[in-house]
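For the single chain, residues carry numbers from 1 onward in sequence order.
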Amino acid sequence: MAGQDFDVWSAGDAYERYMGRWSRLVADEFVARPACAPGARWLDVGCGSGAPASAVARRCRPRTLLGVEPSAGFVAAARAHGPPPALFPRDDARALPVGDAAVDVAISGLVLNFLAEPGAAVAEAARVSRRAGWSPRMCGTKPKA
């Protein structure tokens, strides 16, 4: 598109208006997969405008919910729409702002498609996840209907 003078990845509200309805539908399905008990600690890597984190907050009753995103525009959109207990820091997926084994469930939607080093982000998510993202005491897999 000739004459484009803005970074589309900084326009979180514009993305939400364009893709939000689809993101929310996908997020509900995506979050329905892990059957987790209330009180789990969740991490959404590359949270975008916050659709997956909102679905987690609504469906899973997490103890903590952290949505990490590098884009200031997307963080602003996620903060505007994200319900408690969600927090949305502006951080890099390759250097997550939590300690080792600090979360029970780590999820990521589309961000891996846009990273120069997706393997580094996956390794970092595994580092911060207890048992690589799934705790047998907290989570299982829902049977397919």
Quiz item: Quick one: are Val56 and Ile107 in side-chain contact, heavy atoms under 4.5 Å?
Solution: yes
Self-check item: Contacts of type side-chain contact (heavy atoms from CB on, under 4.5 Å), residue Pro83, not counting sequence neighbours
Solution: Ser54, Ala57
Self-check item: Arg90 with Glu69: basic N within carboxylate O range, under 4.0 Å
Solution: no
Quiz item: Once you round to the nearest 0.5 Å, how far does CZ of Arg79 lie from CG of Leu87?
Solution: 9.0 Å
Practice problem: Mark yes or no for whether Arg63, through its side chain, and Gly39, through its backbone, hold a donor-acceptor pair below 3.5 Å. | Solution: yes
Quiz item: Any side-chain heavy-atom pair from Leu66 and Pro97 closer than 4.5 angstrom?
Solution: yes
Exercise. Under the salt bridge (Lys or Arg N to Asp or Glu O under 4.0 Å) rule, collect the residues that match up with Arg127, sequence neighbours excluded.
Key: Asp100, Glu124
Quiz prompt | Rounded distance [0.5 Å steps], CZ in Arg41 versus CG in Asp104 | solution = 4.0 Å
Quiz item: For Val45 and Ala125, which heavy atoms make the closest approach, and how far apart are they?
Solution: CG2-CB, 4.5 Å
Quiz item: Would Phe88 and Leu65 show up in the same hydrophobic cluster when neighbours are defined by side-chain heavy atoms closer than 4.5 Å?
Solution: no
Quiz item: Which distance, rounded to the nearest 0.5 Å, do you find between the OG of Ser108 and the CG of Asp44?
Solution: 7.0 Å
Quiz prompt | Member of Val98, Val103, Leu43 meeting the side-chain contact (heavy atoms from CB on, under 4.5 Å) criterion with Ser129 | solution = Val103
Self-check item: Closest non-hydrogen atom pair between Ala121 and Leu115, with its separation
Solution: CB-CD1, 3.5 Å
Quiz item: Do the non-hydrogen side-chain atoms of Pro85 and Pro62 ever get within less than 4.5 Å of each other?
Solution: yes
Exercise. Check the pair Asp91 / Leu96 against side chain to side chain contact (heavy atoms under 4.5 Å, CB included), numbers first and verdict last.
Key: CA-CA 7 Å; Asp91 276 300; Leu96 295 168; 5.9 Å; no
Practice problem: Please examine the side chains of Trp42 and Cys60, heavy atoms only from C-beta on, and report whether any two atoms are closer than 4.5 Å. | Solution: yes
